[in-house]
There are 2 protein chains.
Amino acid sequence: MGGDRRGSAAKEQAIARGLDRLREVLRARNLKMSSVREAIARAALAYEGHFRVDDLVRYLHASGVREAHMATVYRSLPLMIEAGLIQPALVPNGDGQVYEASFERERHDHLRCTGCGLVVEYKSETLEALQREIAARHGFELEEQVHELRGRCRKCRRAGASTPPPGSRRSRARTAERSPR
Amino acid sequence: MGGDRRGSAAKEQAIARGLDRLREVLRARNLKMSSVREAIARAALAYEGHFRVDDLVRYLHASGVREAHMATVYRSLPLMIEAGLIQPALVPNGDGQVYEASFERERHDHLRCTGCGLVVEYKSETLEALQREIAARHGFELEEQVHELRGRCRKCRRAGASTPPPGSRRSRARTAERSPR
DNA sequence: CTAACTGCAAACCATTTGCATCATT
DNA sequence: AATGATGCAAATGGTTTGCAGTTAG
């Protein structure tokens with residue numbers, strides 16, 4: 001299953017900072033830290049790429065945390081989001097929300113191939129500036145932006161028909177983080 | 001409930017064109033038009049503002065179509081989308097997809113107030129051009145874009161605290177179509 | 001006539017919640 | 001000790017599906 005690779009010192013430290021951040025949020029609300037909570041947060045911070053709740057649970061089980069229950073993970077999601085550890089990643093396509101670690105990582109948006117499901121991250125200063133401007137023009141103070149572009153990637157266009165391959169639902173598509181330029 | 005206002009001739013004709021468009025899609029797939037199907041499409045085209053499946057069903061009932069079943073509406077959604085009659089409007093927040101008529105209407109995106117739920121439409125050529133450019137840069141042929149900005153509207157910022165009012169889920173928020181500039 | 005469509009009820013599935021019990025502060 | 005956190009199972013709620021009967025082409 002997913003791999004808990006070597007714990008590069010840097011990454012381990014980032015995780016430690018993330019956990020501290022979470023503790024702050026908890027303290028601020030008179031909530032408690034717990035071993036399960038910590039394991040979940042640790043897993044979320046360490047997870048490479050996008051994940052769903054059940055992915056995280058599997059990862060936890062694989063990591064030796066025997067009883068990490070779905071319900072518990074669900075209950076900790078809002079806290080981790082508030083602490084800035086994770087973020088919803090893609091616009092849900094019917095099969096559950098996908099998250100990604102966001103702690104000490106810069107904002108980015110996604111391009112998604114409607115053919116093979118490939119996801120590419122990109123970042124555009126121009127885009128963000130434009131979004132702020134649009135919000136301001138309408139009297140809004142921007143808090144969050146959802147931006148996802150969909151189309152056919154090079155490979156799918158070259159290879160294929162104009163319609164996405166049939167019967168390909170819940171395709172745990174491959175992800176290519178970071179891309180050209 | 002929702003109002004089926006006077007049938008301005010222009011609107012009635014647009015609906016007729018929409019239905020023709022739907023017939024084309026149906027014919028192309030060897031599917032059949034039916035009275036129920038037509039009533040559903042008609043309702044979707046006539047509906048003012050955003051709606052959910054159950055809104056449409058209520059609207060249909062109110063319009064005298066006694067047995068317009070949810071399942072049937074669900075089954076016709078993909079067809080209506082393919083025919084370009086409707087489109088998913090907002091990014092689902094947990095409580096079901098929201099649609100809006102899109103036939104012979106120009107693309108637009110939404111700004112959503114995290115305080116009161118107010119939704120404002122806006123349109124930006126610059127933004128669309130930028131999106132196409134980003135897609136192209138990554139070898140994608142753009143097919144669709146999801147873009148939603150969230151923040152606090154003028155009124156909410158003036159009026160209020162920094163956190164959205166508690167316990168305000170499934171708020172059928174008011175919508176202000178079309179806005180300044 | 002045949003293939004699609006429709007109502008209805010049951011099935012699905014991601015997410016939420018109630019409750020008794022365990023752990024942190 | 002007191003208040004939260006957790007596992008588990010049951011409840012939710014939007015959406016999908018199987019089936020038997022109806023209807024369009």
Side-chain angles (χ1 to χ4, degrees), chain A residues 19 22-43 50-58 60-61 65-83 86 88-99 167 169-172, chain B residues 19 22-41 43 50-58 60-61 65-82 86 88-99 167 169-172:
Chain A
L19 292 176
L22 179 57
R23 284 196 194 87
E24 285 174 34
V25 169
L26 294 173
R27 193 168 322 122
R29 310 185 152 233
N30 285 32
L31 299 182
K32 297 167 181 171
M33 180 52 118
S34 76
S35 54
V36 179
R37 206 103 99 177
E38 179 174 327
I40 292 173
R42 215 177 259 286
H50 299 156
F51 59 86
R52 299 161 196 246
V53 171
D54 54 301
D55 291 319
L56 206 51
V57 170
R58 266 193 291 282
L60 282 159
H61 285 172
V65 185
R66 47 240 154 159
E67 297 291 21
H69 229 268
M70 293 266 256
T72 309
V73 173
Y74 274 112
R75 282 190 271 236
S76 59
L77 287 176
L79 294 168
M80 296 196 289
I81 291 174
E82 185 182 337
I86 63 171
L90 268 30
V91 175
N93 249 188
D95 26 79
Q97 181 64 61
V98 175
Y99 300 89
R169 284 198 64 195
R170 201 168 224 294
S171 50
R172 216 79 155 216
Chain B
L19 292 177
L22 179 57
R23 284 194 194 90
E24 285 174 35
V25 170
L26 294 173
R27 191 168 323 122
R29 307 187 153 232
N30 284 34
L31 299 182
K32 297 168 179 169
M33 179 51 117
S34 77
S35 55
V36 180
R37 206 103 102 176
E38 179 174 327
I40 293 172
H50 299 156
F51 58 87
R52 301 160 194 250
V53 172
D54 54 301
D55 291 320
L56 207 49
V57 171
R58 264 193 291 282
L60 281 159
H61 285 172
V65 185
R66 49 242 154 155
E67 297 292 19
H69 229 269
M70 293 265 259
T72 308
V73 173
Y74 273 112
R75 283 190 271 235
S76 60
L77 287 177
L79 294 168
M80 295 196 290
I81 291 173
E82 185 182 339
I86 62 171
L90 269 31
V91 175
N93 250 188
D95 26 79
Q97 181 65 62
V98 175
Y99 300 89
R169 285 196 64 195
R170 200 166 225 293
S171 49
R172 218 76 157 223

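Letters go in sequence order (proteins before strands), and every chain restarts at 1. Small disclaimer: the values here were computed from a predicted structure and weren't measured.
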Establish, with yes or no, whether the OP1 or OP2 oxygen of [N] is under 4.0 angstrom from a side-chain nitrogen or oxygen of [X].
{"X": "A:Tyr74", "N": "C:dT16", "result": "no"}
{"X": "A:His69", "N": "D:dC8", "result": "yes"}
{"X": "B:Ser34", "N": "C:dT6", "result": "yes"}

Calculate the interatomic distance between [X] atom [atom1] and [N] atom [atom2]; express it in whole Å.
{"X": "B:Glu38", "N": "D:dA24", "atom1": "CD", "atom2": "P", "value": "11 Å"}
{"X": "A:Arg66", "N": "D:dT6", "atom1": "CZ", "atom2": "P", "value": "14 Å"}
{"X": "A:Asp95", "N": "C:dC12", "atom1": "CG", "atom2": "C1'", "value": "13 Å"}
{"X": "A:Leu22", "N": "D:dG4", "atom1": "CG", "atom2": "P", "value": "16 Å"}
{"X": "A:Met80", "N": "D:dA5", "atom1": "CE", "atom2": "P", "value": "14 Å"}
{"X": "A:Arg37", "N": "C:dC22", "atom1": "CZ", "atom2": "P", "value": "19 Å"}
{"X": "A:Leu77", "N": "D:dA5", "atom1": "CG", "atom2": "C1'", "value": "15 Å"}
{"X": "B:Arg52", "N": "D:dG13", "atom1": "CZ", "atom2": "P", "value": "13 Å"}

Spatial distance of atom [atom1] ([X]) from atom [atom2] ([Y]) [nearest 0.5 Å]:
{"X": "A:Glu24", "Y": "A:Arg29", "atom1": "CD", "atom2": "CZ", "value": "13.5 Å"}
{"X": "A:Ser76", "Y": "A:Leu31", "atom1": "OG", "atom2": "CG", "value": "12.0 Å"}
{"X": "A:Leu60", "Y": "A:Thr72", "atom1": "CG", "atom2": "OG1", "value": "10.0 Å"}
{"X": "A:His50", "Y": "A:Asp55", "atom1": "NE2", "atom2": "CG", "value": "11.5 Å"}
{"X": "B:Leu22", "Y": "B:Ile40", "atom1": "CG", "atom2": "CD1", "value": "10.0 Å"}
{"X": "B:Ile81", "Y": "B:Tyr99", "atom1": "CD1", "atom2": "OH", "value": "5.0 Å"}

- Query: Any donor and acceptor pair, going by atom type alone, linking the side chain of A:Arg23 with main-chain N or O of A:Met33 inside 3.5 Å?
  - Reply: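 Not at all, since once roles are kept as given, no pair shorter than 3.5 Å links the two residues.
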
- Task: Kindly state which residues belonging to residues 23-32 of chain B come within less than 4.0 angstrom of DNA chain C, counting heavy atoms of the residue only, listed by number.
- Result: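 By residue number: B:Leu31, B:Lys32.
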
- Task: On DNA chain D, check which nucleotide each of A:Met33 and B:Met70 is closest to and give me the residue with the more 5' one.
- Result: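 Per heavy-atom nearest nucleotide, the more 5' residue is A:Met33.
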
- Query: Mapping A:Val53 and A:Arg75 onto DNA chain C by nearest heavy atom, which one lands closer to the 5' end?
  - Reply: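 Nearest-nucleotide comparison on DNA chain C picks A:Val53.
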
